Q: 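Below is a structure I'd like to ask you about.
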Number of protein chains: 2
Amino acid sequence: MNKDRPYSALVQRLKAAGLRPTRQRLALAKLLFEPQSGGDRHITAEQLHAEAVAGAVRVSLATVYNSLHQFTGAGLLREVVVEPGRSYFDTNVSDHHHFYFEDGGRLQDIPGEQVHLEGLPTPPEGTRVARIDVIVRLSDGESEAS
Amino acid sequence: MNKDRPYSALVQRLKAAGLRPTRQRLALAKLLFEPQSGGDRHITAEQLHAEAVAGAVRVSLATVYNSLHQFTGAGLLREVVVEPGRSYFDTNVSDHHHFYFEDGGRLQDIPGEQVHLEGLPTPPEGTRVARIDVIVRLSDGESEAS
DNA sequence: ATTCCACATTAGAATTATTCTAAATTATTG
DNA sequence: CAATAATTTAGAATAATTCTAATGTGGAAT
């Protein structure tokens with residue numbers, strides 16, 4: 001009784017991205033993009049896999065990795081690298097930046113509109129700017145200047 | 001005939017950092033910080049280990065990792081994370097940013113003075129900004145706007 | 001509907017970067 | 001020079017991710 005109504009919006013998104021709307025991709029997309037379960041999220045492959053398993057979705061870790069990379073390639077996700085040996089995937093693909101809480105390893109979005117970056121040199125000949133990442137690393141402790 | 005004159009400047013740097021100037025730390029520091037061999041460098045543990053071995057320095061990979069982390073903790077190096085699963089160590093610890101060439105995986109410094117970042121929100125209560133990383137990711141191909 | 005086939009999924013092995021462990025070595029201090 | 005504590009080391013262990021080869025599945029064509 002929940003097999004008959006496909007999540008049409010998600011199906012469309014996947015199709016538009018050239019990805020077959022398979023059972024597992026749909027389930028993962030739902031976890032990632034449906035507002036009630038997610039909204040803006042920063043999630044690792046392991047975490048998403050755990051969520052899927054907890055939600056009675058049968059999907060392998062390999063498929064979670066495959067899907068995350070395919071979604072990223074299709075512009076549905078953005079990969080954020082903050083620490084060596086662990087990748088976060090961000091469901092917010094609009095232009096924005098991040099706070100990173102070093103104690104705890106959590107990420108938080110900083111809207112892109114309010115931040116202005118000036119004085120960057122022009123990229124070398126033959127290259128173009130694919131993306132600019134700004135990561136503000138935070139530690140526990142009050143800032144010193146009063 | 002090169003054992004008697006210690007690289008006093010490096011010895012001092014290590015001592016000042018609370019690290020014993022051992023044979024291997026000294027050799028690694030030389031590779032990292034001596035202008036002729038290095039200057040501003042972005043290097044991985046594996047690369048540094050290979051250089052050491054090539055230079056007839058007997059040092060284990062574990063010690064290279066240990067030393068890199070100790071140097072980083074002491075403020076002699078800065079760790080730069082650009083891609084999952086690989087850490088670069090930057091011998092330039094002054095305030096600056098990076099170009100990252102996605103095709104090829106190379107890093108290049110962008111001097112900090114010329115870049116201005118405005119409109120960042122104040123960090124949440126109880127935290128302070130440890131560092132701000134700006135990574136401009138470059139792909140091959142000319143920028144589209146003429 | 002059934003068949004077919006390219007695309008997807010999977011379990012488990014393999015790989016890669018890094019960290020850990022416990023023993024051997026070495027720098028420093030007395 | 002001996003004692004002590006820090007350091008180094010080889011190799012095992014871990015962690016995240018990717019690969020592989022076999023099996024399963026979506027959807028177009030019949």
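Given the structure is predicted, the values throughout are model-derived calculations rather than measurements. Naming: A, B, ... by sequence-line order, numbering from 1 per chain.
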Q: Quick check with a 6.0 Å cut-off and a 45 degree axis cone: is A:R13 positioned over the face of A:F33's six-membered ring?
A: yes
Q: If you check every side-chain atom of B:V59, which of C:dT10, C:dT18, D:dT9 has the closest atom?
A: D:dT9
Q: Please determine whether a side-chain nitrogen or oxygen atom of B:H69 lies at a distance below 4.0 Å from atom OP1 or OP2 of C:dT18.
A: no
Q: Over how many whole Å does the gap from B:R86 atom CZ to C:dT19 atom P extend?
A: 14 Å
Q: B:I43 has an atom CD1; how far is it from atom C1' of C:dA17, in whole Å?
A: 16 Å
Q: How many whole angstroms separate atom CZ of B:R20 from atom C1' of D:dT4?
A: 9 Å
Q: Base, sugar-phosphate, or nothing for B:S87, non-hydrogen atoms under 4.0 angstrom?
A: sugar-phosphate
Q: Looking at B:R25, I'd like to know whether one of its side-chain N or O atoms comes within less than 4.0 Å of OP1 or OP2 on D:dT7.
A: yes
Q: So, is A:Q24 close to the D:dG24 phosphate, meaning a side-chain N or O under 4.0 Å from OP1 or OP2?
A: no
Q: Counting just side-chain N and O atoms, does B:T22 come under 4.0 Å of either OP1 or OP2 of D:dA6?
A: no
Q: Look at A:T63 and C:dT10 and indicate whether a side-chain polar atom (N or O) is within less than 4.0 Å of OP1 or OP2.
A: yes
Q: Between B:E51 and B:R41, is the closest basic N to carboxylate O distance under 4.0 Å?
A: yes
Q: B:T63 and B:L28: which non-hydrogen atoms are nearest, and at how many Å?
A: O-CD1, 4.4 Å
Q: Would you tell me if any nitrogen or oxygen in the side chain of B:Q70 comes within less than 4.0 Å of OP1 or OP2 on D:dT7?
A: no
Q: Distance check: side-chain N/O of B:R23 vs OP1/OP2 of C:dA27, anything under 4.0 Å?
A: yes
Q: Would one find a side-chain N or O of A:Y65 under 4.0 angstrom from OP1 or OP2 of D:dT17?
A: yes
Q: I'd like to know if the side chain of A:R58 pairs up with that of A:Q24 as donor and acceptor (distance under 3.5 Å, no hydrogens or angles considered).
A: no
Q: Answer yes when A:R137 and B:D133 have at least one side-chain N-carboxylate O distance shorter than 4.0 Å, and no when they do not.
A: yes
Q: Which sits closer to the 5' end of DNA chain D, B:R58 or B:P84, going by the nucleotide each is nearest to?
A: B:R58
Q: Does the side chain of B:S60 get closer than 4.0 angstrom to OP1 or OP2 of D:dT9 through an N or O atom?
A: yes
